[in-house]
Amino acid sequence: GVRNNFNAAVSYGSFNTSQVNFSGLYRFKSSGFTLKTSVFNNYSDNDYEVWGKTVYNILPNGRYDYIRAKRLQDAFRSTGSVVEVGFTDVKWADNFFIGYTSSDAYKEVQHGTFMATPYKGRFLRSDSGLMSVTYNKKNIFTKGLEFNFHGLYGERNRMVSDTVKWNYDWNGDLSLDLNGQPIPRPSGAQQGAPTLAHIKREVGAIRTGLSYEINENHKFLLNYTLSIVNREDDDAMKSVLERKFLGTRDLNKNIGALTYEWTAFENRLKTCVFGKYYQQKITRMNPIVQNLNGVPTRVEDVVRSNKNVMGYGAAFSYQVVPNITLLTSAEKAVRLPTENEVFGDSGDNISENPNIKPETSKNYNLGFRLGTFVYNKHEWVLTTNGFIRDITDRIGTPVQTAINTNVQTLPFVNQGNVKSKGIDLELDYTFNNNLNIRLGASKFELTTVSGGIKYDLPNEPFLNANVSAQYSFK
């Protein structure tokens with residue numbers, strides 16, 4: 001059952017990073033009425049040192065002075081709260097909550113897409129307010145039937161402020177010319193023209209699912225996800241006439257999935273087969289002026305897109321012997337572009353691309369799980385997986401053979417057909433049920449072919465490694 005609780009967590013780390021979180025739950029036993037709440041605050045100066053071929057100051061004589069510099073304009077703060085009221089463990093619901101989530105954030109922007117031009121005075125403010133409804137019930141109407149629902153509706157707003165007209169160096173000082181005079185930015189602000197841009201998003205989402213367990217060997221799952229974003233962009237720095245010519249952006253996503261799970265041979269064989277349907281509708285409208293019969297007339301430039309894609313796959317695991325399990329899967333996966341990848345966001349240095357297409361890939365995995373092996377107080381589990389990904393219309397920033405550091409924003413594009421293959425390894429070690437150490441590593445390549453020449457995609461890692469340790473006092 002649900003337990004009353006209160007939790008508090010405080011952490012502090014490098015670069016003046018702090019996190020504070022309070023959460024609690026209280027349930028009235030007689031009625032099942034339940035109150036949940038949480039409050040958080042995050043902050044970081046984020047002033048770590050950087051260096052490299054694009055980190056330099058330009059001296060008055062035009063010479064490049066390469067330096068190690070702190071990111072002095074990259075602070076971040078976020079504050080928020082969640083309040084939910086409802087019922088738990090009652091006859092008609094396992095969980096039912098109506099909630100409200102509010103948040104507020106501030107972030108400084110240190111530079112654009114590349115690091116060659118440090119900014120000062122460019123920052124973002126954002127806030128959101130979202131209402132939500134959550135419902136879950138097992139054995140609804142009949143044994144083995146489970147229903148869950150989560151819906152939300154509200155607004156997410158962002159303001160981008162960029163009005164400082166002077167050029168600054170990596171020390172945070174004004175850039176000076178040979179006469180000792182401050183150098184202005186080419187377009188009047190740090191990234192471009194002065195702006196007080198406002199992005200208003202009306203958002204809604206539904207996630208719902210129905211599962212039916214026929215018996216301990218057979219289970220069906222049906223899931224549906226709807227996501228809607230209606231967005232309006234404005235800029236207080238533009239003239240009254242210009243602000244009448246600001247556009248709208250709408251994005252709708254529908255994802256449906258049907259899954260069948262089967263277990264056999266005393267749960268040694270586990271099988272999952274699924275199919276997914278993806279639909280994404282995009283509408284982008286920009287008002288423009290055209291001369292019609294010699295008369296300047298407001299005309300709407302509209303880009304519409306309606307993409308429908310199917311995905312499907314299967315996954316299998318088989319316990320060959322108690323400590324060796326074979327894992328394999330094959331899937332046609334789909335990734336729909338996000339709102340920012342479609343419509344851009346100057347706060348994140350992203351320009352729009354309403355013609356971007358969904359990314360699809362054929363994924364194949366084969367691996368083993370070895371363990372748990374126990375010796376005295378020691379336990380080991382080793383998991384390994386080899387994979388191949390054939391990706392069509394991969395979504396990413398443009399592949400560039402030569403970097404133009406004067407570019408401040410970039411769009412997301414379809415990079416073409418890409419192939420990835422590699423191996424994942426994970427070792428999990430436990431001592432006396434107190435100390436747990438987990439080691440992970442991935443080695444892979446990500447390549448494409450252009451003009452008959454195969455080459456690696458730039459700015460993509462080919463080796464990842466991580467380690468985590470945890471000790472529990474008992």
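For D250, the side-chain contact (heavy atoms from CB on, under 4.5 Å) test picks out N230, T283, with sequence neighbours left out. Looking at residues two or more places apart in sequence or on another chain, you find a salt bridge (Lys or Arg N to Asp or Glu O under 4.0 Å) between R394 and E460. Residues satisfying the salt bridge (Lys or Arg N to Asp or Glu O under 4.0 Å) test with D89, not counting sequence neighbours, are none. Looking at residues two or more places apart in sequence or on another chain, you find no salt bridge (Lys or Arg N to Asp or Glu O under 4.0 Å) involving E379. By the ring pair (Phe, Tyr, Trp, His ring centres under 6.0 Å) test, F15 is found to be paired with Y48, residues two or more places apart in sequence or in another chain being considered. Considering only residues two or more places apart in sequence or on other chains, Y26 meets the ring pair (Phe, Tyr, Trp, His ring centres under 6.0 Å) condition with F28. Every ring pair (Phe, Tyr, Trp, His ring centres under 6.0 Å) that F87 has, sequence neighbours left out, goes to F33, W92. Shown here are the side-chain contact (heavy atoms from CB on, under 4.5 Å) partners of Y106, two or more places apart in sequence or in another chain: R77, E108, F123, R125.
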Name the atoms and distances for all side-chain donor-acceptor pairs under 3.5 Å in residues 259-266, with sequence neighbours left out.
from : atom 1 : to   : atom 2 : distance (Å)
Y260 : OH     : H218 : ND1    : 2.6
T263 : OG1    : E216 : O      : 3.1
T263 : OG1    : N217 : ND2    : 3.4

Tell me which donor-acceptor pairs under 3.5 Å the side chains of residues 272-279 have, and how far apart each pair is, sequence neighbours excluded?
from : atom 1 : to   : atom 2 : distance (Å)
Y277 : OH     : N308 : OD1    : 2.5
Q279 : OE1    : N254 : ND2    : 3.1

Side chains of residues 143-150: which donor-acceptor pairs under 3.5 Å do they make with residues two or more places apart or in other chains?
from : atom 1 : to   : atom 2 : distance (Å)
E146 : OE2    : N136 : ND2    : 3.1
N148 : OD1    : G209 : N      : 3.4
H150 : ND1    : T134 : OG1    : 2.8

Give the table of side-chain donor-acceptor pairs shorter than 3.5 Å for residues 325-332, with sequence neighbours excluded, one pair per line with atom names and distance.
from : atom 1 : to   : atom 2 : distance (Å)
T328 : OG1    : N365 : O      : 2.9
S329 : OG     : N365 : ND2    : 3.1
K332 : NZ     : M310 : O      : 3.2

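For the pair N436 (side chain) and Q470 (backbone), a donor-acceptor distance under 3.5 Å is absent. Counting only distance, with no hydrogens or angles, the side chain of T372 and the backbone of V381 share no donor-acceptor pair below 3.5 Å. Using modelled atom types, one side-chain atom of T34 and one backbone atom of G32 make a donor-acceptor pair closer than 3.5 Å. With hydrogens and angles ignored, the 3.5 Å screen pairs no side-chain donor or acceptor of R207 with any backbone N or O of L226. Checked by atom type and distance alone, the side chain of N5 pairs as donor or acceptor with a backbone atom of R3 at under 3.5 Å. In terms of modelled atom types and a separation under 3.5 Å, the side chain of N4 and the main chain of R27 share a donor-acceptor contact. Put simply, the side chain of E359 never gets that close to the backbone of V334: no donor and acceptor are under 3.5 Å apart. Side-chain atoms of Q110 come within 3.5 Å of backbone N or O of L72 as a donor-acceptor pair. With D162 contributing its side chain and Q191 its backbone, the two residues share a donor-acceptor pair below 3.5 Å. Side-chain atoms of R369 come within 3.5 Å of backbone atoms of G371 as a donor-acceptor pair (strictly under, hydrogens ignored).
In F40, the CZ atom is crowded: over 12 heavy atoms of neighbouring residues, nucleotides or ligands sit closer than 6.0 Å. Heavy atoms from other residues, nucleotides or ligands lying under 6.0 Å from NZ of K357 number 12 at most. Other residues, nucleotides and ligands contribute over 12 non-hydrogen atoms within 6.0 Å of the CZ atom of F431. Atom CZ of F141 has 12 or fewer heavy atoms from other residues, nucleotides or ligands within 6.0 Å.
Residues Y119 and H111 keep their aromatic ring centres 6.0 Å or farther apart.
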Check step by step if ring-ring contact (aromatic ring centres under 6.0 Å, His included) holds for F316 and Y318. CA-CA 7 Å; F316 306 89; Y318 183 72; over 10 Å; no
Worked check of side-chain hydrogen bond (donor to acceptor under 3.5 Å, both in side chains) between N157 and D127: CA-CA 5 Å; N157 303 304; D127 63 82; 3.2 Å; yes
Using the side-chain hydrogen bond (donor to acceptor under 3.5 Å, both in side chains) rule, take R438 and S468 through it: C-alpha gap first, then chi angles, then the decisive distance, then the call. CA-CA 5 Å; R438 180 169 296 174; S468 65; 5.3 Å; no
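By the 4.0 Å N-to-carboxylate-O rule, R156 lies close enough to E339 to be salt-bridged with it. No salt bridge links D348 with K107; every basic N to acidic carboxylate O contact stays at or beyond 4.0 Å. Using a 4.0 Å cut-off between a side-chain N of Lys or Arg and a carboxylate O of Asp or Glu, R249 and E352 qualify as a salt bridge.
With hydrogens and angles left out, the side-chain atoms of S38 and S23 include no donor and acceptor closer than 3.5 Å. Checking N432 against N434 by side-chain atom types alone, a donor-acceptor pair falls below 3.5 Å. Side chain to side chain, N42 and S78 meet the donor-acceptor criterion of an N or O pair below 3.5 Å. Residues N340 and T338 have side chains that never bring a donor and an acceptor to within less than 3.5 angstrom of each other. Inspection of the S442 and D424 side chains reveals an N or O donor paired with an N or O acceptor under 3.5 Å. Side chains of R389 and S361: a donor-acceptor N/O pair is absent below 3.5 angstrom, by distance only. N414 and D393 share no donor-acceptor pair across their side chains, judged by distance under 3.5 Å alone. Side-chain contact annotation: N349 with T409, donor-acceptor N/O pair under 3.5 Å absent.
The only member of T37, V2, L35 that meets side-chain contact (heavy atoms from CB on, under 4.5 Å) when paired with L25 is V2.
The side-chain heavy atoms of I350 and F343, taken from C-beta on, include no pair separated by under 4.5 Å. Looking at heavy atoms from C-beta onward, L221 lies out of side-chain contact with L258 at the 4.5 angstrom threshold.
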